[in-house]
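Keep in mind it's a predicted model, so treat the numbers as computed, not measured.
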Amino acid sequence: MAGEESKKLKLYSYWRSSCSCRVRIGLNLKGLEYEYVPVNLLKGEQQTPEFLKLNPVGLVPVLVDGDVVLADSFAILMYLEEKFPQHPLLPKDLHRRGINYQKFMKEKLGPDADFAWARDQIRRGFAALEKLLKDYSGKYATGDEVFLADLFLAPQIDGAIRRFKVDMDEFPLLARIFEAYLELPAFRDAMPERQPDAPAEHRD
């Protein structure tokens with residue numbers, strides 16, 4: 001199923017964008033090949049006329065699938081979920097599905113965000129997540145299988161650790177879940193430092 005159709009897929013992405021990262025994880029989990037098109041946000045490439053034709057809002061990610069052009073990570077993931085049913089991103093249980101639909105932390109921290117302010121916002125969000133997930137988590141955020149919530153959580157935790165030096169000892173549940181993510185190639189390969197447009201000093 002990842003054959004002819006998936007060859008059309010093209011992802012416009014920025015290595016450090018958590019919104020792009022969650023889409024990369026989704027594509028990897030579903031075994032879909034895609035062309036990676038880097039968009040350097042720091043150089044303003046998202047505001048070029050060519051890119052604005054794809055997404056007039058001027059944000060990544062953008063997924064192109066033949067004649068279909070989609071922006072917004074959630075919309076992209078739902079499209080992939082409908083078109084490529086392998087490795088479902090949503091649980092069958094209605095309650096747990098609802099938990100997955102709660103988007104935990106939107107990407108509001110730009111590359112020039114104040115360090116102390118950003119870290120404080122992240123810590124507040126993580127404290128809330130520890131409480132929210134304690135009754136639902138298994139190996140992963142909402143059970144023992146990877147679902148949509150995990151795709152949103154993984155980039156946020158990675159950024160908190162790498163960019164904002166958040167001490168994850170304060171958040172044992174999230175720290176444990178993140179370690180489980182890193183055991184999965186679909187997650188490891190989607191992380192910012194493994195993208196082709198990641199600067200050399202940020203690569204593993």
How long is the straight-line distance from [atom2] of [Y] back to [atom1] of [X], given to the nearest 0.5 Å?
| X | Y | atom1 | atom2 | answer |
| --- | --- | --- | --- | --- |
| R176 | F171 | CZ | CZ | 15.5 Å |
| R119 | D167 | CZ | CG | 9.0 Å |
| R16 | L41 | CZ | CG | 11.0 Å |
| E35 | L9 | CD | CG | 10.5 Å |
| Y101 | L148 | OH | CG | 8.0 Å |

Heavy-atom side-chain proximity of [X] to [Y] below 4.5 angstrom:
| X | Y | answer |
| --- | --- | --- |
| L29 | L151 | yes |
| L11 | V37 | no |
| D158 | R163 | no |
| N100 | P91 | yes |
| P38 | Q195 | no |
| L77 | F152 | yes |
| Y34 | N28 | yes |

If we ignore hydrogens and angles and just use 3.5 Å, is the side chain of [X] paired with the main-chain N or O of [Y] as donor and acceptor?
| X | Y | answer |
| --- | --- | --- |
| S17 | S20 | yes |
| Q46 | G58 | no |
| R123 | V166 | no |
| R203 | P196 | yes |
| K8 | D65 | no |
| T48 | E45 | yes |
| N55 | A71 | no |
| K30 | Q86 | yes |
| D144 | G138 | no |

Treat each ILVMFWY residue as a node, draw an edge where side-chain heavy atoms are under 4.5 Å apart, and state whether [X] and [Y] are in one component.
| X | Y | answer |
| --- | --- | --- |
| Y181 | F147 | no |
| L90 | L94 | no |
| L54 | L52 | no |
| L80 | V69 | yes |

List, one per line, each side-chain donor-acceptor pair under 3.5 Å for residues 126-135, sequence neighbours excluded.
from	atom 1	to	atom 2	distance (Å)
E130	OE1	L173	N	3.4
E130	OE2	L173	N	3.1
E130	OE2	L174	N	2.8

Determine the minimum heavy-atom distance between [X] and [Y], stating which atoms define it.
| X | Y | value |
| --- | --- | --- |
| S137 | I177 | CB-CD1, 4.3 Å |
| L70 | A75 | CD1-O, 4.3 Å |
| F164 | I122 | CD1-CD1, 3.4 Å |
| N40 | L42 | OD1-N, 3.0 Å |
| R22 | S73 | NH1-OG, 2.9 Å |

Among side-chain atoms of T142 and R96, is any donor-acceptor pair under 3.5 angstrom?
no
Can a side-chain donor-acceptor contact be found between D197 and Y36 if the only test is distance below 3.5 angstrom?
yes
Determine all donor-acceptor pairs shorter than 3.5 Å in which one atom belongs to a side chain in residues 185-193; sequence neighbours excluded.
from	atom 1	to	atom 2	distance (Å)
R188	NH1	L182	O	2.9
R188	NH1	E183	O	3.1
D189	OD1	R194	NH1	3.1
E193	OE1	R162	NE	3.3
E193	OE2	R162	NH2	3.0

Flag the pair D93 and R97 as a salt bridge only when some basic side-chain nitrogen lies within less than 4.0 angstrom of an acidic carboxylate oxygen.
no
Are there over 12 heavy-atom neighbours, none belonging to Q47, within less than 6.0 Å of that residue's CD?
yes
Decide if atom CZ of R124 counts as having more than 12 heavy atoms of other residues, nucleotides or ligands within a radius under 6.0 Å.
no
Using links of under 4.5 Å between side-chain heavy atoms of ILVMFWY residues, direct or through other members, which residues join L59 in one cluster?
V57
Before giving the answer on side chain to side chain contact (heavy atoms under 4.5 Å, CB included), spell out for L63 and K10 the whole-Å C-alpha distance, their side-chain angles and the decisive distance to 0.1 Å.
CA-CA 6 Å; L63 182 79; K10 185 182 292 188; over 6 Å; no
